[in-house]
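Computed over heavy atoms, backbone and side chain alike; hydrogens, waters and symmetry mates excluded.
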Amino acid sequence: MVYICSWDEFVERSVQLFRDDPLSTRYVMKYRHCDGKLILKVTDNRQCLKYKTEQAQEAKKMEKLNNIFFTLMARGPEVDLSEVTGKEQMDTQTTRRGRGRKQ
């Protein structure tokens, strides 16, 4: 098992691992509340990649990785991933409504 220190490297290598063998690749998340640790693991039974963090800000990055894997699994491993990041940017630009009275 290899713990990867860089988030970008972990995402890049795990996406490549999925694209190489999509039928046997697994993605596992493990959160230990008592320690405050989040561990992400991507494996294809031959190679295992792990990323460990204790930072609360990493939750958004994990959500982004989930969206990448959902897209790869739903549309196939040859899909262009730039669509995933573009959709997320549009979601963050939604307007907020005030706390006024409901009509």
Side-chain angles (χ1 to χ4, degrees):
M1 288 184 237
V2 177
Y3 277 101
I4 298 176
C5 298
S6 168
W7 173 257
D8 295 328
E9 182 184 353
F10 175 73
V11 171
E12 183 180 316
R13 288 180 63 182
S14 59
V15 167
Q16 187 59 43
L17 189 66
F18 180 82
R19 286 186 168 164
D20 290 343
D21 192 6
L23 295 178
S24 66
T25 302
R26 295 185 311 277
Y27 170 58
V28 179
M29 293 178 290
K30 182 175 159 183
Y31 179 70
R32 289 182 47 95
H33 182 70
C34 60
D35 298 334
K37 291 183 183 178
L38 173 68
I39 299 173
L40 305 174
K41 180 170 102 171
V42 179
T43 182
D44 67 349
N45 294 332
R46 287 172 286 175
Q47 185 178 7
C48 182
L49 307 172
K50 292 179 98 177
Y51 181 79
K52 178 172 59 172
T53 185
E54 296 176 1
Q55 301 293 323
Q57 297 91 357
E58 302 284 323
K60 276 291 192 189
K61 292 181 180 179
M62 181 206 61
E63 195 173 315
K64 188 176 187 180
L65 183 64
N66 283 342
N67 288 338
I68 289 172
F69 274 114
F70 290 153
T71 303
L72 287 171
M73 291 175 191
R75 297 184 187 172
E78 292 83 26
V79 70
D80 181 23
L81 293 178
S82 63
E83 298 173 5
V84 176
T85 57
K87 187 174 82 170
E88 287 176 356
Q89 290 172 352
M90 293 188 77
D91 289 343
T92 59
Q93 293 175 356
T94 58
T95 58
R96 292 186 176 181
R97 298 183 74 193
R99 298 181 81 184
R101 206 169 69 187
K102 292 184 181 181
Q103 295 178 354

Residues in salt bridge (charged side-chain N to carboxylate O under 4.0 Å, His left out) contact with D8, at least two apart in sequence or another chain: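 Salt bridge (charged side-chain N to carboxylate O under 4.0 Å, His left out) list for D8, sorted by chain: empty.
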Set of residues satisfying salt bridge (charged side-chain N to carboxylate O under 4.0 Å, His left out) with respect to E9, sequence neighbours excluded: R13
Any chance CZ of F70 has more than 12 other-residue heavy atoms, nucleotides or ligands included, within less than 6.0 Å? no
Partners meeting side-chain hydrogen bond (donor to acceptor under 3.5 Å, both in side chains) with N66 (sequence neighbours left out): Y27
Point-to-point distance, once rounded to the nearest 0.5 Å, from [atom1] of [X] to [atom2] of [Y]:
X: K50; Y: K30; atom1: NZ; atom2: NZ; answer: 6.5 Å
X: L38; Y: E54; atom1: CG; atom2: CD; answer: 10.5 Å
X: Y3; Y: L40; atom1: OH; atom2: CG; answer: 10.5 Å
X: L17; Y: F10; atom1: CG; atom2: CZ; answer: 9.5 Å

Residues forming a side-chain contact (heavy atoms from CB on, under 4.5 Å) with E58, sequence neighbours excluded: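 Here the qualifying residues are W7, Y51, T53, Q55, K61.
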Qualifying residues under side-chain contact (heavy atoms from CB on, under 4.5 Å), relative to R26, sequence neighbours excluded: T43, N45
Please collect all side-chain hydrogen bond (donor to acceptor under 3.5 Å, both in side chains) contacts where either partner lies in residues 14-24, sequence neighbours excluded, each pair once. Q16-D20, D21-S24, D21-R46
